[in-house]
2 protein chains.
Amino acid sequence: MMGPTRNGAQLITNTQGSASGPQPADFTDVRATNLAVVLRFVRENAPCSRADIAASTGLNKATVSSLVADLIDRRLLRETGLTENRVGRPATMLVLDGSPYAAVGIEVNVDYLTAVAVDLKGEELLSWRRAFPGGSTSAGQAVAGIAGVARRVVNRMTKEARQVLGLTVAVPGLVDLNGSVRLAPNMGWRDVDLAGDLAKALRDPGFPVSADNDANLGALAELRFGSHGGAQNLVYLTGEIGVGAGVVLDGRLRRGGAGFGGEIGHIEIVPGGPPCHCGRHGCLEVVAGLGVLLGHSVSPAEVESEIDEVVQRAETGDEAVLAQLDTLAGNLGRGLGIVANLLNPEVVVLGGYYVKLAPWIVARAEQEMLSRSIAPGGGGCRLVVSGLGYGAAALGAAARVLDSVDSGRLPGV
Amino acid sequence: MMGPTRNGAQLITNTQGSASGPQPADFTDVRATNLAVVLRFVRENAPCSRADIAASTGLNKATVSSLVADLIDRRLLRETGLTENRVGRPATMLVLDGSPYAAVGIEVNVDYLTAVAVDLKGEELLSWRRAFPGGSTSAGQAVAGIAGVARRVVNRMTKEARQVLGLTVAVPGLVDLNGSVRLAPNMGWRDVDLAGDLAKALRDPGFPVSADNDANLGALAELRFGSHGGAQNLVYLTGEIGVGAGVVLDGRLRRGGAGFGGEIGHIEIVPGGPPCHCGRHGCLEVVAGLGVLLGHSVSPAEVESEIDEVVQRAETGDEAVLAQLDTLAGNLGRGLGIVANLLNPEVVVLGGYYVKLAPWIVARAEQEMLSRSIAPGGGGCRLVVSGLGYGAAALGAAARVLDSVDSGRLPGV
DNA sequence: TAGAGTTAGTTCGTCTAACGACCAAACAAA
DNA sequence: TTTGTTTGGTCGTTAGACGAACTAACTCTA
């Protein structure tokens with residue numbers, strides 16, 4: 001048992017906004033904070049009793065009862081059975097109520113679109129993946145297409161009597177802090193107010209609509225659903241045609257001043273190396289991306305099968321392919337060495353196609369990363385492979401919605 | 001005037017500790033938060049009246065009166081004169097009380113030691129700089145030496161009737177989250193529990209003692225004392241014999257999982273470049289550090305004068321020196337390009353000897369940085385020179401003490 | 001089978017601290 | 001003077017956490 005964790009001076013700090021002036025607190029904040037504390041506790045320790053919550057959080061039993069009643073009113077918690085065969089009065093166990101709400105995440109990419117809905121527990125309610133000509137239509141048409149999918153997801157949720165808590169869209173590109181896509185080369189987008197346009201297209205949807213970079217959201221997915229021992233400092237790497245990073249430090253996504261952090265794909269790894277579509281040379285994306293294996297002009301639709309072929313050849317011991325994979329891993333490790341030195345995350349998670357290639361790249365890349373880290377043992381940084389599969393960004397988009405609930409924006413009542 | 005900034009849903013979140021369990025809030029937290037809000041407001045808007053505070057923070061007038069009374073009791077605020085020649089009742093103006101407290105920062109380095117004390121306003125009370133054989137004594141002796149200086153600073157403060165709020169020591173090396181120095185090659189230290197040993201040497205000093213990396217503390221100094229338009233995302237670069245970075249994102253120092261973040265000095269900038277004392281090649285420290293200008297084995301004591309000579313030669317247009325400076329700037333820009341892409345800070349601040357060299361390196365380095373950034377216009381990232389002078393890390397060490405006050409750990413009563 | 005012991009959760013009164021409304025003080029302008 | 005404006009304090013209200021006492025519901029033991 002953890003025992004009470006109450007620590008004398010509690011710091012209440014505004015982490016989000018930049019210079020948005022002073023942020024005083026009042027009683028409703030205390031309430032919101034404590035409601036969120038209980039909610040998070042139940043999420044991580046379900047099923048548990050009110051007494052468990054009180055003991056572990058340090059909150060008073062009476063307070064916990066009141067908070068739990070509130071959460072039950074809001075249909076966020078549910079009482080399940082009683083404990084049996086124990087000394088003392090049996091406890092009524094509490095679990096998250098999975099049925100009344102849904103969080104929706106949509107990932108758009110050049111050639112496909114993934115939609116995911118999860119309940120409050122994070123359990124997947126639906127997962128759609130379909131071809132989507134994101135790279136070959138106008139942004140307006142793409143937004144219309146995304147809105148169409150969003151409407152169908154929402155309808156489905158409504159049919160299941162679920163209230164949608166929010167919708168987030170993941171985009172491979174630079175997304176600013178307002179959810180406006182400033183640049184998405186692969187999509188051919190520039191200055192598209194995705195969150196705003198989508199909210200407009202959905203006509204007063206009754207839930208918040210936001211957009212973010214796919215790597216950022218992948219990182220959020222790993223933070224919430226990944227099994228990294230509760231690491232609060234992690235970096236997630238997408239391994240699609242482009243390579244991007246999502247940076248989580250001290251338990252929150254760090255986007256930088258304008259929201260453009262994590263753009264690891266175009267840092268220079270091999271000076272004077274092969275040219276990148278961005279106009280520079282030797283970018284990580286070029287020397288540690290799929291292009292190393294597939295040649296530089298594969299159509300998006302072919303990537304999947306081409307990678308499968310690479311995997312097959314690697315399995316049969318094809319020397320040329322193994323050499324390519326080793327080169328890729330080495331270059332990736334160089335990039336990760338930079339990340340380890342600069343950010344000292346507890347774990348770096350490889351996503352996307354890197355997952356399939358993992359058996360041939362992780363060891364080398366990790367060794368390279370650690371050998372380049374100035375901190376002994378890489379400062380404790382591990383390199384692991386994502387277990388979330390292809391929907392990571394979409395899942396992270398949904399996770400972003402759940403995050404806002406977890407941090408005190410409670411629905412209901 | 002700003003007008004009320006009260007925003008409906010206030011998020012109260014624990015930013016510091018990692019997985020330290022749930023952190024419920026209670027009334028004392030509300031009080032502490034609001035006291036800190038008022039304190040910060042007065043810091044930034046002094047002199048100001050209670051009415052100003054109420055209007056700008058959204059707190060109730062009565063609440064502000066109560067909070068201000070509390071802060072005056074704690075001798076953190078002081079009433080100054082009344083306003084005159086205005087319609088209505090004259091306001092009693094409030095300012096930070098500079099006299100009763102002091103925050104102490106000490107920076108140790110290979111050959112010198114800097115001690116700084118500031119009052120609550122951040123105004124310098126003393127600034128000592130002296131030779132110190134940090135690189136050529138045992139860690140134990142060094143700690144004793146630091147303790148000696150610390151005692152003298154504390155005595156001086158006591159003589160001025162000031163209470164010392166805390167002491168932080170800046171060290172060029174890897175410092176973990178507990179203030180233990182894990183590795184400081186230049187000092188020849190390894191696993192020295194600096195914060196702990198120093199507290200012991202000071203025998204129950206009655207104030208918290210901590211230690212951190214010099215670059216981290218430099219970044220804190222820039223955050224508090226620098227003039228960067230309130231940028232909440234910044235990276236500070238030390239330009240001593242080694243090069244380190246301090247990373248501030250969303251208004252707080254981000255140290256990574258073990259506290260070893262910001263180690264930019266040993267990321268590989270020129271593969272196969274000149275050897276570094278760390279055993280690797282082409283590290284930023286080697287290709288964009290002072291070694292480029294001074295040759296690789298200058299004794300610490302000579303650095304100052306050697307740099308002055310470089311500056312003189314550059315001023316007279318010495319081609320060879322200008323070429324070296326340009327090379328240095330180019331390499332520095334490469335490293336900063338990585339920082340801009342990965343972290344998207346609003347500003348990168350150059351400290352240490354880079355300040356003297358600024359006229360010949362900033363333009364080139366910034367251009368290089370921006371040209372390497374994938375976000376248009378570098379995502380708004382500017383490269384500037386520190387205005388804080390040599391004592392930056394020591395000043396940041398003191399700033400760290402003030403930060404803890406600003407975030408609610410109030411002294412007095 | 002009747003306590004005795006143990007654990008869960010509720011009720012009730014207390015206390016902290018923010019808030020809203022009101023008011024007196026102190027000034028400028030008319 | 002009178003009127004209006006602004007400051008800052010007082011007072012009663014209210015939200016909500018806390019502590020203690022209490023009830024509920026079980027197991028264990030003699």
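Letters go in sequence order (proteins before strands), and every chain restarts at 1.
- Nucleic acid contact class of A:Ser49 (heavy atoms, under 4.0 Å, all strands): sugar-phosphate only.
- B:Thr63 has a side-chain polar atom (N or O) that falls below the 4.0 Å cut-off from OP1 or OP2 of C:dC19.
- Applying the salt bridge (charged side-chain N to carboxylate O under 4.0 Å, His left out) test to pairs two or more places apart or on separate chains, those with a residue in residues 92-105 of chain B are B:Arg78-B:Asp97.
- A:Asp26 places its CG atom 9 Å from the P atom of D:dG16, with the value rounded to the nearest Å.
- In this structure, B:Asn34 atom CG and C:dA17 atom C1' are separated by 9 Å, rounded to whole Å.
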Distances under 3.5 Å between protein N/O atoms and the N/O atoms of nucleotides 21-24 of chain C, please, pair by pair.
none

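- Atom pair B:Asp29:CG and C:dT16:P shows a separation of 15 Å (rounding to whole Å applied).
- For D:dG8, the OP1/OP2 oxygens have no side-chain nitrogen or oxygen of B:Ser65 closer than 4.0 Å.
- Distance, A:Arg50 CZ to C:dT7 C1': 14 Å, rounded to whole Å.
- Remark: A:Thr80 pairs with no residue by the side chain to side chain donor-acceptor pair (under 3.5 Å) rule, at least two apart or across chains.
- Atom P of nucleotide C:dA18 and atom CZ of B:Phe27 are separated by 10 Å, given to the nearest angstrom.
- Shown here are the ring-ring contact (aromatic ring centres under 6.0 Å, His included) partners of A:Phe27, two or more places apart in sequence or in another chain: B:Phe27.
- Contact check, A:Thr92 against C:dG9: a side-chain N or O comes under 4.0 Å of OP1 or OP2.
- Between A:Ala51 and B:Arg31, the residue anchored closer to the 5' end of DNA chain C is A:Ala51, taking for each the nucleotide with the nearest heavy atom.
- In this structure, B:Arg400 pairs ionically with B:Asp212, as a charged nitrogen and a carboxylate oxygen lie closer than 4.0 Å.
- A:Arg89 is linked by a side chain to side chain donor-acceptor pair (under 3.5 Å) to nothing, counting only residues two or more places apart in sequence or in another chain.
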List every contact pair, protein side and nucleotides 1-4 of chain D side both N or O, where the distance is under 3.5 Å.
none

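- Partners of B:Ser66 by side chain to side chain donor-acceptor pair (under 3.5 Å), not counting sequence neighbours, listed by chain and number: B:Arg31.
- Going from atom CG of B:Leu94 over to atom P of D:dT7 covers 12 Å, rounded to whole Å.
- With rounding to whole Å, B:Gln23 atom CD is found 17 Å from D:dA17 atom C1'.
- Put simply, CG on A:Asp52 is 7 Å from P on C:dA8, counting in whole angstrom units.
- When the salt bridge (charged side-chain N to carboxylate O under 4.0 Å, His left out) test is applied to A:Glu79, the partners found at least two apart in sequence or on another chain are A:Arg50.
- The salt bridge (charged side-chain N to carboxylate O under 4.0 Å, His left out) pairs that include a residue from residues 219-231 of chain B are B:Arg224-B:Asp403, B:Arg224-B:Asp406, where partners are two or more places apart or lie in different chains.
- Neither side chain, B:Asn178 nor B:Ser180, offers a donor N or O lying under 3.5 Å from an acceptor on the other.
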